[in-house]
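Have a look at the structure below, then the notes.
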Amino acid sequence: MENIKEETIHHTAMKLAEEIKNLSIYKSFYSDVQKLVSSPSVKKEDFKQTLQQAMKEKGLDTKLRNTVFHWVRTQNKQNKLDPLTSLSKASAQWEKRIHKSLNSMCSDLETSLAKIRSQSEQEELADKWNELSTYSLDLSKYRPVYAPKDFLDVLLTLSGYVPFTKEDEPKWEFAHLPLQVKTLDQLRKIYQEWANGEPLLGVNPNMPSTVPGFATLEAERIGLGERVAVLGYAPVIQEYLKKGSPQCLRAKLWSQVLGADVKQQQIIYFNQLKKNVLEVDLMIDKLIFKDVQLTASNDDQYFVFEDLLYQVMLCFSRDGEAARAAGASALRVAVKGRHAPDCLIAFPPSGVIPFHGFTMYATPFCYLYDDPVQLYFMFRAFYMRYWHRLHYISTHPQGIVSLCLLYERLLEANEPLLWIHFRNININPIRVVFKWLMRAFSGHLPPDQLLLLWDAILGYDCLEILPLLALAILSFRKENIFQVNTLQNVDAVLADLSTISVIPLLQLALMKS
Amino acid sequence: MTFYKKCTDSDSILNKRNNRRLKFATDFDKSIVINSFKIRDWKQVLPNEEWNIYWSNTLNCRTLFNHENGYRFQDRQLINHFPNHYELVRKDLLVKNIYRYQKNLEKAGHPLAEKIQETLPSAHKVTRYLYLDFIPTTYVLPSNYKRFVDEYHRFPQSTWIIKPCGKSQGEGIFLINKLSKLKKWSRESKKCIQNNLPSKDMYIISRYIDNPLLIGGKKFDLRIYVLVTSFRPLKAYMFRNGFCRFCSIKYNSSVSELDNMYIHITNVSVQKHGEEYNSQHGGKLSLKNLKLFLEGTRGQHVTTRLFENINWILVHSLKAVAPIMSNDRHCFECYGYDIIIDDNLKPWLIEVNASPSMTATTMNDEILKCNLFDNILSVVLPPSGIPDARWNKTPDANALRDFEILIDEDSILNEDLILNEDLKVKRNT
């Protein structure tokens, strides 16, 4: 048995060694190792030992470990054919609808989906690049392609794919889909530290610390966090984030845990994206401008950052690497003004058609990074690991469909009276929380609470905390919900989340026995 | 309006116990003012009738305090201004009082007045206060015109901002960077003076802070509310929910933009008329979010220091005027402090307002100002709910709510007394 295990490890290691050669950091990493080998600290007689020791001292050991960590994490993201063909069919149909809508918008407005920008336009855009809020565009005829509500309607029809339904059962339950989701008890096992009642930073940062030398929990976490940041070892950082990060360390820790550090290479890459934005005018640019204007620019928590957000969202749309995450099939369109052979491009290169509120996936990072390149890579890393799951139809256990089902199951099992109330007033319970789930609560919770929630997403590397929080909020406000009986009034009860303390609420839900 | 709390049972019971409702008068026909009293079941009366609290405008307040009118305040009456608040609130008087405060401390050899010598990037050597340097160099015009010109010639590259002493809401403010521009103006103003206008100090000119901290490329200032219930001993409270007021256009320090008011003047009344003004957020960002942003991008240490320095400015500006303020027991006042942070994270005091606007520009603003007003009442009213000029003005923690104690010289004094008593007891045993 041991031999088989050894062999698989060996096999994986060989594969990994090959794969690493293809990674972008390989070249500089290899030359660093070469330099180390030629230094006096590495001896020919005891090559392996001294090299390993030298690598540890120079931080190359940590670098390698982090690379392996990130590689392993991305391996799970291989695109397999979606086992539930009904879902994959629905997904393909939905994408077709979006593309059709884009095309008709394009012909209605008598513009092209993609065209080369004129020299003067390029210059103007380059000039105003740092203050795109002053770049005037007539966006009055452009409308967002779809909104969370529309996406929800599509998801609800998924339930219609059930071959057998009893007559009296409402057709809108996700429970009909043969997807496995966890129970609250199983969630407790995942969020063990919370369920055990361990002190969390988001509950009371001023509570006295149990560790000698620190007056408060916050001071203790900062002390530990600084050491963790210096060590720079991603799995340790991930573990640390489970109990919440102080705001002053978040920027560093988040970028380390997702491998989104910005070096010269990243700056060059970002500038290339910017160049692409300047050269080719995609119709999507207008949609991006419109979305930033409608959402971030009107939001009293994020309006200050609108200029940064324009840059980030525009560049994101040109980033082909983002397309790998979702595996979506992008439109291929001709670029007006360009001639064969390379006149066809993916529209957009990122494969992501932004919907109303898409910008909100990026806004909270503005409280961590004021440099657009750092902001960009952080947002992109989050998108590629988490956010894309929230607006594509799939059977993935972290996908939006599974999250909706998880929410439904949790509500029915743990708040049966609420569940019955919703049935009695004929409101699908998913309707009142869907916009929270799809946006990972961005724009609904104040930034300080939101960042604590996203700490937990990173720390436990899963999105299941979103439906859990939705349930906890409903539970918290259930007395008010019982007193109303229209969708509008339920929405009103849940409209203002500014007084919600996210972490205590969640810990309470997980600790209940 | 869902954010006005309902009149509580305890309010009505109190009123019934008193056999009459408490009365308020106001010169401002604003819902924020009127509703805050109404939910406590107070009755509105006219200013010339018997009232318990008068939310007055500065003119009427001054008239009341005028000796010639012989108005005597009763114990159960409170008014929302101190008689000579202009010592703090008029731009020229504030500056004069702070300069005097600095000089007095320096003369007494007080460690607070310690000075430090610095070499500027331009190779100029300047001396400034280490702890008391919180207003930009300012001269009162026309009386200090000569001294200003001397300073101007020492640093000819600087920009200066001129503000009329008696105006507010950003009115009449302009920037200059050439002495010639000022000369033209001063010639015109001398003409006005010759035409029979009183020749008191009409303007101040201050060094313009041309390196403000920018967020998202935009300039902003802070508005912080400070409630003072007594000057001697000094009792002041800071409202936690201050906010930043952002300019709607990107900051541009180039000379050609000196006249573009929307860039430089952050007053909402000016910004409101700009094309870019957004009435959803009104260009206001909460102080809480500012702190979050600075901690996230600059670290905790410098952020904590910045906010400590802001508190320091608030306290010392009040200490500067405390000796000369008329400490009438019937008075309390909520000041609106305007502070600018430069890109070294150093805060500067710009001015203090006595009648911060009770008009709300956005929904959030309305909620904030309602809370502020209601909170002011809960701090100035004793536990009985009846105004009492003889009360010791020490609100309990529940009454403070969103106000935090900035300084309470009374309790410091009491602590000293208790400490002394303890020592006496120890010595005797």
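For the numbers below, each heavy atom of this structure counts, side chains included, while hydrogens, waters and symmetry mates do not. In this text the structure is predicted, and so the values were computed from the model without any measurement. Numbered from 1 within each chain, the chains take letters A, B, ... in sequence-line order.
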Could you report the tightest heavy-atom contact between [X] and [Y], atom names first, then the distance?
X        : Y        : value
A:Ala251 : B:Gly296 : CB-O, 4.1 Å
B:Phe293 : A:Asp370 : CZ-CB, 4.2 Å
B:Leu292 : A:Gln247 : O-NE2, 2.8 Å
A:Pro447 : B:Asn289 : CG-OD1, 3.8 Å

Would one find more than 12 heavy atoms of other residues, nucleotides or ligands at under 6.0 Å from atom NZ of B:Lys346? yes
Is it the case that over 12 heavy atoms from other parts of the model lie below 6.0 angstrom from the CZ atom of A:Phe476? no
Give, as side chain, backbone, both or neither, the part of B:Asn364 having an atom under 4.5 angstrom from any heavy atom of chain A. side chain
Identify which part of A:Ile222 has an atom lying under 4.5 Å from any heavy atom of chain B, answering side chain, backbone, both or neither. side chain
Could you look at A:Leu451 and say if it's the side chain, the backbone, both or neither that has a heavy atom under 4.5 Å from chain B? side chain
Is B:Lys218 paired with A:Glu306 through a side-chain N to carboxylate O contact shorter than 4.0 Å? yes
Salt bridge present between B:Lys284 and A:Asp300 (N-O < 4.0 angstrom): no
Quick check for you: to the nearest 0.5 Å, what is the distance between [X] atom [atom1] and [Y] atom [atom2]?
X        : Y        : atom1 : atom2 : value
A:Asp448 : B:Lys291 : CG    : NZ    : 10.5 Å
A:Tyr302 : B:Leu285 : OH    : CG    : 11.0 Å
A:Tyr367 : B:Leu290 : OH    : CG    : 9.0 Å

Fit a plane to each ring of A:Phe303 and B:Phe246, take the angle between them on a 0 to 90° scale, and name the class: parallel (under 30°), tilted (30 to 60°) or perpendicular (over 60°). perpendicular
Show your reasoning for whether side-chain contact (heavy atoms from CB on, under 4.5 Å) applies to A:Glu218 and B:Gln300. CA-CA 11 Å; A:Glu218 186 175 29; B:Gln300 199 193 49; 3.6 Å; yes
